[in-house]
Each structure stands twice: as C-alpha cells, then as structure tokens.
Amino acid sequence: MKKSIKKEVIVNFPSSEKYELRSQLLRAARSATANIAEGWGRFHYLDSNKFYYNSRGSLSEVLDHIIEARDESYISEEIYLKLRLMIVESLKVLNGFIFYLKREHVNNSRKA
C-alpha cells in the first residue's frame, strides 16, 4: 500500500500540499506498518495490542486522507477504489490478528 501511495497518489498532489496532506498521508501509511512491527517486538499481550490498535487507527487515517484526495480531484476514482480495497482488506487481516491474539491470551490465562 505504501508503494502505491507514493507512486500513484502523492505524486499527483499540488506543491501546496507538500507539508499538508502529502506529509500526513505518507506518515499515516508508514505508521500503520511501523506500529505492527513495534507491537510484534513486544512480549506482553497488552503492550503489543496497544500498537495493533494504533495501526488500525493509522489505516483509518489513510482512508480519510485518500477520501480527501479524491474529493479534491488529486486522484481518480479508480485509484481511490483500488486503495480503499487495500485498506479494507488490511483492516480485516489486522482485526483478525487482534481477535486471534485476544483469544489466545484468554485461553492461556485460563490454563495458568
């Protein structure tokens, strides 16, 4: 998704958006994967989960930014729909992972 955002979205933004929407969109896209990596590096369920929730928030932020880009006619409807699908799929996978970890945590707590 980050590659598509860099190659298909922010290149179309006017220079006036360099430090506004362009910067925010790129930071949110990077944050989504960076939070997953940081959560993975933690060894406590609650600590890790906090980062996965942050990642989910970043994905929602990316969605909001591409909606704005479409509304401002910086990107086509086709690119918007392609990225929206990628974001929705990413959210589904991430939510599934969060649910899996929660279930494992509950099951492991019962065994202890």
Side-chain angles (χ1 to χ4, degrees):
M1 179 175 54
K2 286 186 292 190
K3 188 182 282 188
S4 292
I5 287 171
K6 286 176 107 175
K7 292 186 176 206
E8 297 179 71
V9 178
I10 61 175
V11 297
N12 297 316
F13 288 2
S15 59
S16 62
E17 291 288 4
K18 183 175 184 179
Y19 299 108
E20 300 297 329
L21 185 57
R22 178 180 185 224
S23 177
Q24 290 176 332
L25 178 55
L26 196 52
R27 282 195 326 264
R30 287 175 173 163
S31 175
T33 55
N35 273 296
I36 291 170
E38 189 162 357
W40 184 257
R42 305 291 173 133
F43 294 104
H44 187 271
Y45 164 76
L46 293 175
D47 200 21
S48 295
N49 219 29
K50 172 180 68 171
F51 288 97
Y52 302 137
Y53 285 128
N54 288 343
S55 178
R56 192 165 64 184
S58 293
L59 286 169
S60 297
E61 186 179 351
V62 170
L63 178 58
D64 180 69
H65 293 325
I66 66 164
I67 290 169
E68 184 176 351
R70 182 206 53 199
D71 291 349
E72 293 294 328
S73 299
Y74 298 153
I75 60 172
S76 68
E77 186 72 14
E78 180 183 349
I79 291 173
Y80 163 75
L81 290 172
K82 173 186 160 186
L83 288 171
R84 180 183 165 91
L85 181 62
M86 291 170 84
I87 293 165
V88 169
E89 288 300 313
S90 296
L91 284 167
K92 286 179 183 177
V93 170
L94 184 56
N95 283 332
F97 184 60
I98 291 169
F99 179 76
Y100 164 78
L101 291 174
K102 186 181 287 188
R103 188 178 62 230
E104 288 298 305
H105 176 70
V106 168
N107 288 340
N108 289 334
S109 296
R110 289 181 184 158
K111 292 176 185 176

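Between the CD1 atom in I67 and the CZ atom in R84 there is a gap of 6.0 Å [rounded to 0.5 Å]. From N49, atom CG reaches atom NZ of K102 across 7.0 Å, with rounding to the nearest 0.5 Å. Atom CG in L59 sits 11.0 Å away from atom CE in M86 (nearest 0.5 Å). To the nearest 0.5 angstrom, L63 atom CG is 8.0 Å from L91 atom CG. Atom-to-atom distance recorded for I5:CD1 and L25:CG is 4.5 Å, nearest 0.5 angstrom. The CD atom of E8 sits 8.5 Å away from atom OG of S76, with the distance rounded to the nearest 0.5 Å.
Under the 4.5 Å side-chain criterion, counting only non-hydrogen atoms from C-beta, V9 is not in contact with Y74. Taking 4.5 Å as the limit, some side-chain heavy atom of H65 sits within range of a side-chain heavy atom of L21. By the 4.5 Å heavy-atom criterion applied to side chains, L85 and L81 are not counted as neighbours.
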Just do the side chain to side chain contact (heavy atoms under 4.5 Å, CB included) check on L83 and S4 with the steps written out, would you? CA-CA 8 Å; L83 288 171; S4 292; 3.8 Å; yes
Check against salt bridge (charged side-chain N to carboxylate O under 4.0 Å, His left out), E78 and K82: CA-CA 6 Å; E78 180 183 349; K82 173 186 160 186; over 6 Å; no
If you apply the rule side chain to side chain contact (heavy atoms under 4.5 Å, CB included), what do you find for R56 with N95, and how did you get there? CA-CA 8 Å; R56 192 165 64 184; N95 283 332; 2.7 Å; yes
Between L101 and S48, does a side chain to side chain contact (heavy atoms under 4.5 Å, CB included) hold up when you go through it step by step? CA-CA 10 Å; L101 291 174; S48 295; 5.7 Å; no
Derivation and outcome, side chain to side chain contact (heavy atoms under 4.5 Å, CB included), residues E77 and Y80: CA-CA 5 Å; E77 186 72 14; Y80 163 75; 3.9 Å; yes
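For residues 21-31, the set of pairs meeting the salt bridge (charged side-chain N to carboxylate O under 4.0 Å, His left out) definition, not counting sequence neighbours, is empty.
Transitive grouping of hydrophobic side chains (ILVMFWY, heavy atoms separated by less than 4.5 Å) brings F97 and I36 into a common cluster. With hydrophobic clusters built from ILVMFWY side chains whose heavy atoms lie under 4.5 angstrom apart, Y52 does not share a cluster with V88. In this structure, Y100 is a member of the same hydrophobic cluster as I98, with clusters built from ILVMFWY side-chain heavy atoms closer than 4.5 Å.
Remark: R70 CZ is packed, more than 12 non-hydrogen atoms of other residues, nucleotides or ligands lying under 6.0 Å away. Shown here is E20, whose CD atom has no more than 12 heavy atoms of other residues, nucleotides or ligands within 6.0 Å.
The two atoms that bring S55 and L94 nearest to each other are OG-CD2, 3.6 Å, heavy atoms only. Annotation for V62 and A29: closest pair CG2-N, 3.5 Å, computed over non-hydrogen atoms. The minimum heavy-atom distance between M1 and I87, with the atom names listed, is SD-CG1, 3.4 Å.
Residues satisfying the side chain to side chain donor-acceptor pair (under 3.5 Å) test with D64, not counting sequence neighbours, are none. Looking at residues two or more places apart in sequence or on another chain, you find no side chain to side chain donor-acceptor pair (under 3.5 Å) involving N12.
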